[in-house]
Structure formats: C-alpha cells, structure tokens
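Beneath this line is the structure, given in structure tokens, with notes to follow.
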Amino acid sequence: MYLAATTAAPVTFPQALEEQGAPPSPPHTGGLLALIPGTAGLLTVAALGIALLLVLIIKVRLQPFVALLTVSIAVGLAAGLSVTELFGTVQKSDAVSLIETGMGGILGHVAIIIGLGTMLNAILEVSGGAEVLSARLLRLFGERREPLAMGLTGLIFGIPVFFDVGIFVLAPIVYAAAKRSGKSILLYCMPLLAGLSMTHAFLPPHPGPVAAAGLFKVDLGWIILMGLVCGIPAVLAAWGYAAWIGRRLFVPVPQDMVEAAEEARAAVTAGKGAAGVTAGKGVAGIAAGKGAAGVTAHEAPVALRTVLTIIGTPLLLILLATFSSIALAPSPGRSVIEFFGHPFVALTIALLLSYYLLGLRRGWSRKSLETVSTASLKPVGNIILVVGAGGIFGAVLKGSGVATVLSDTFHHVGLPVIVLAYLLSLVLRVAQGSATVAIVTTAGIVVPLVDGQSLPPAHLALIIMAISAGSIFASHVNDGGFWMVSTYFGISERDTLKSWTVLESVLSVTGFAVAALVSIFV
C-alpha cells in the first residue's frame, strides 16, 4: 500500500532508543501515575484527558487545535512522559519528539490531499460547474422528480466540494425549485443536504476520512470503495426520510433568505473582484471582461461531461491503483498504474484538467487561475492544524502507554472494535459538535486497538467508516452546520431539529449498520 509507505508511524522516544541499541526506558511512573500507578492510573489519565478536551471546546470555547494540543501535552505529562519525550531537546540529538512525529506523520500525507482537493473545489465552484450539473439533472428527471435531482446533485458535486461551499453554491437552485412547485422547501433541500453530508463524511478528499486513513495507514482506494458501500445505502435511507418529512412539515420558501443569499453571493464575488474576479452571468466568480483576472464575462456554460470527467478521474485512478496491487503481479505496467493512481498524482491530474478545461480553454488567464487557487487555500489552515493536532494526540496516547491500556480494557469489554469506534465518535460528536474533531480524536484512540491484529485494509476501512458515521450523528445547536442549514433555508430551530438533525442521524445509523454488517464478511 503506497499510503503505508508514505505515512510513517509516529516513533516514540523509547522506540528510538531501542532502534539505536540502547536499553529501553523503564515504564513511566511520574505525573498522575505517582498517585494512581499502573492500569488504573493510565485509564484515569485517558478519561480526564477526554473530559478536559470537551470542557475546553464546549465551556471555555477554546479553538479545537489549541484544545487538542493542550490536552495532548497534559495527557503526556500526566502519564509520566518527560519533556524530552514530548518536545525533544534544544540541542541537536537523536531524541525523537512525539509532538513533531505525531504532527508530521499525519500531515505529510493529509495536507497535500486537502490542499489539492481544495483548489479543485474552488475551480469547480467559480466556473459554475454545480449550476450546470443541477440544471441538467433537473431537466433529465422532470418537475415531479426534482427532489431526486437535487439529491443526486448534492451527491455528485459533494465529492470534490466542501459541505458549506455546496450549500452556498446550490441554495439558490433549491429556492427556485421549491418556489416553482409551491411545496415545502424541505422536499428539495434535505435530499441535497443528505448528498453533501454523506460525501463529506465518507469520501476523500474531505478531511475527515483522509485524516483517518492517514492515522490507520489505509490506502485511499479502500476508503473510496467502502465509503460508497456504506454511504450509498445511507443516503438512500436519508432521501426516504427527506421525502417523508417534506410531505408532513411545510416550510415556505424564505424570500428574505433568497435576498440574503443573493447579497451574500454578491459580497463574496465582490471580495473576489478585489483580486480580479467578479460575478458573471449567474456564475459565481466569473469575471466581467478580460480584466486583471482575464476571465470572459458571458462565457458558455460548462459541459456536463467536463464536470463529470474532472470529478471522476481521480476516483477512477485511485481505485485502479488499489486493485492493481491485488489483481496484478509486480510489473512495469502495475507500477505505472500505481503511479498515476497515487492520491497525490491523481488529484494533481484532476486539478490540471480543471485548469485547462474549466479555465484556459474558456478564456481564463493564468493569473486568474493562480488567484482563485491561492484564495481557496486560506480557509483550510484550521482544518490542517486540527488534523495535525489529532495526530499528536494519537502519538502521545501511544507513546505514554495509555493506548495500550485502553486497547486491553476495550478488548475485555467484549464489544467489537467497530462498535466501540462508532460509539466513541458519536459521543464526541454530540458533545462538542465538530465532525473533524470527533474523527481525529476517535482515530487516535482506536488505532492502537487494531495494532498487531493484522486486519485486512478493507476491514480497517470499515472501522474508519464507522468512525465517520458516528461523527455526523444528531447535528444540533453546538454544530455550525445546524445553524447554516437553518439560516440558509429559513427553517426554524424546532423544525431544523425535526428535519436536519434526524436526517443526519439516519445517515449515521444506516452507514454504521452497513459497515458493521459488511465487516462480518471481510
């Protein structure tokens, strides 16, 4: 697996000494262990660490990256790790810092994928690919099946595009469809949201599944495959609930929200205009004239086949590379397939295709492509730091011995790891609201539970799916997505709980049920 080769496991300080031939350090006895020694002390450290994380995020409102880093250091010190083990030394030496290896081990792979995926997302958004896709599906399915068309739009466009961007770009289409039919807006927005949420939780290049894949060292091809296996039944169940609640709960088209959305889009495009990109004919971010950005104002709509080609290319290449290692013997041909199917190469190819097919061929200047790409990377700093802090947390748990004790304890409970992973992710999600924090924290705890079991990559991918499913359960008032849905579609808080919160729970429970069932046979 090329992911396993590119993402090195965190190396603890004692392990580094053993590799150099030095005797291993004695078991940790400092910190809280001086008062509560042994297994009981390490379990207490784990419980207090998770409790402290929730308090810092929920009560203190500390930024998740800072909270995770603080808790990682606190857990390390409480478990008796030395300053050298945690931070290394000021002078150059052979000492290995858990914080550095934890951060670098995960971000060496994840940061590149998130960066490439974010730039691809921006080009698709600015070029109007979403509008073209949804309009074609609406014409194809007809007015009676417009909710299904909206669901497919969210499902397809949600693969490369982040959840909040998908809402921003596609909300006006939902307004138009609901206004034309005179029916509840829930019939149209909920299927769309189900598609966007499923892809965000289960499929690369979204940060949650990519971060978990890096921590578990699982090839992204398996994540894509199992994400589709678990995600498609989940989204079908969610569409069924969306149709049911949409017929029973009428929410009118919010005219004030339509106007607010138009103002928001104008404000965003005006901001882009400062960098040379302004609004065009119904397409966010298309420049007027060939000014500083060099984008033609009234360019032809993007061809649907172009959008599907750009979205599908990296998925196909990654899947081919994954299964070539199983179906083909080592050969130059297999090496070529694995090269082009490496996530770095596959996403780079997709990005370059978008530059040409959606940009240069349609009149964009090279400067406009650079401007849009650079601007898109600014919001992802928080995501990358949170994912990196999750890697630190996992490395500290492993290096301190807390992870080993947790592993032994959970194994004695008798529940399968996949069930424990889901429940832990679910609790963290409901408690603090962030899906990404729930995924990276849970993965850091669960990875040691599967170490040494020689589980096949397909089974590990299903455990990741269980973690991802838990991370979207019961979105409520502590989740930014809850308020985004309520605000954009003019749904009251009470009705948002009845529709969106339950929809997310249906996605979560169905996705986990499929993952648990398939894991029996893998």
Side-chain angles (χ1 to χ4, degrees), residues 125 130 134 146-147 150-155 157-158 161-179 183-202 206 208 231 234-235 237-265 268 379 429-430 432-438 468-469 471-511:
E125 175 200 350
S134 58
E146 280 185 342
M150 295 308 307
L152 289 173
T153 299
L155 191 62
F157 197 68
V161 170
F162 291 159
F163 179 80
D164 52 349
V165 175
I167 292 180
F168 169 76
V169 173
L170 298 172
I173 302 168
V174 172
Y175 299 149
K179 189 173 183 179
K183 298 177 181 178
S184 173
I185 196 172
L186 296 180
L187 275 173
Y188 302 91
C189 71
M190 287 299 145
L192 172 75
L193 294 169
L196 290 173
S197 181
M198 188 282 277
T199 53
H200 182 77
F202 291 102
H206 294 280
V235 83
W239 286 348
Y241 178 75
W244 183 85
I245 193 66
R247 289 192 296 268
R248 286 161 177 77
L249 187 61
F250 181 79
V251 177
V253 179
Q255 187 58 38
D256 57 335
M257 294 312 302
V258 173
E259 296 172 357
E262 291 174 353
E263 291 176 4
R265 287 170 70 90
V268 170
R429 155 68 167 188
V430 173
Q432 53 79 43
S434 170
T436 303
V437 171
S468 297
S471 76
I472 57 172
F473 184 85
S475 167
H476 61 97
V477 293
N478 66 355
D479 176 24
F482 176 92
W483 297 107
M484 190 177 300
V485 170
S486 175
T487 302
Y488 263 90
F489 299 107
I491 312 172
S492 68
E493 288 81 1
R494 182 178 180 180
D495 288 345
T496 305
L497 287 169
K498 291 180 180 178
S499 54
W500 165 247
T501 301
V502 178
L503 183 86
E504 284 282 82
S505 301
V506 170
L507 275 171
S508 172
V509 172
T510 307

Practice problem: Evaluate the criterion side chain to side chain contact (heavy atoms under 4.5 Å, CB included) for residue pair M190 and I491; output intermediate values, then yes/no. | Solution: CA-CA 11 Å; M190 287 299 145; I491 312 172; 4.0 Å; yes
Exercise. Given side chain to side chain contact (heavy atoms under 4.5 Å, CB included), test E504 with L507 step by step and report yes or no.
Key: CA-CA 5 Å; E504 284 282 82; L507 275 171; 3.5 Å; yes
Exercise. Given side chain to side chain contact (heavy atoms under 4.5 Å, CB included), test Y241 with V502 step by step and report yes or no.
Key: CA-CA 9 Å; Y241 178 75; V502 178; 3.4 Å; yes
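Remark: the backbone N or O of L196 is paired with a side-chain donor or acceptor of T199 at under 3.5 angstrom. A donor-acceptor pair is defined here as one N or O able to donate and one able to accept, closer than 3.5 Å; such a pair exists between the side chain of S505 and the backbone of A474. Looking at N478, its side chain does come within 3.5 Å of a backbone N or O of V430 through a donor-acceptor pair. Under the 3.5 Å distance criterion, the side-chain polar atoms of T501 are matched with a main-chain donor or acceptor of S475. Side chain of S508 to main chain of I472: no donor-acceptor pair is present (N/O by atom type, distance under 3.5 Å, no hydrogens or angles). With S486 contributing its side chain and F482 its backbone, the two residues share no donor-acceptor pair below 3.5 Å. Listed for the T510 side chain is a donor-acceptor partner under 3.5 Å among the backbone atoms of V506.
A tilted orientation is assigned to the rings of F162 and H206, their planes being inclined by 30° to 60°.
Taken to the nearest 0.5 Å, the OG1 atom of T496 stands 11.5 Å off from the CG atom of L503. Interatomic distance, OH of Y175 versus CG of L170, reported as 11.0 Å (0.5 Å rounding). A distance of 10.5 Å separates CG in L192 from CG in L152, rounded to the nearest 0.5 Å. To the nearest 0.5 angstrom, H200 atom NE2 is 9.5 Å from S468 atom OG. Between the CZ atom in F250 and the CG atom in L187 there is a gap of 9.5 Å [rounded to 0.5 Å]. S499 OG to I185 CD1: the interatomic distance, rounded to the nearest 0.5 Å, is 10.5 Å.
For F163, the ring pair (Phe, Tyr, Trp, His ring centres under 6.0 Å) test picks out W500, with sequence neighbours left out.
When every heavy atom of A234 is checked against every heavy atom of G511, the shortest pair comes out as CB-N, 3.7 Å. Of all heavy-atom pairs between Y488 and A171, the closest is CD2-CB, 4.0 Å. For the residue pair S434 and R429, the shortest heavy atom distance occurs at C-NH1, 4.4 Å. A pairwise comparison of heavy atoms in V174 and M150 identifies CG2-CE, 3.5 Å as the closest pair. Smallest separation of non-hydrogen atoms from G231 and F202: CA-CD1, 4.3 Å. Taking every heavy atom of both residues into account, A435 and S471 meet most closely at CB-O, 3.3 Å.
Taking 4.5 Å as the limit, every side-chain heavy atom of V161 sits out of range of all side-chain heavy atoms of V169.
E146 has no carboxylate O lying under 4.0 Å from a charged side-chain N of K183, or vice versa, which leaves the two without a salt bridge.
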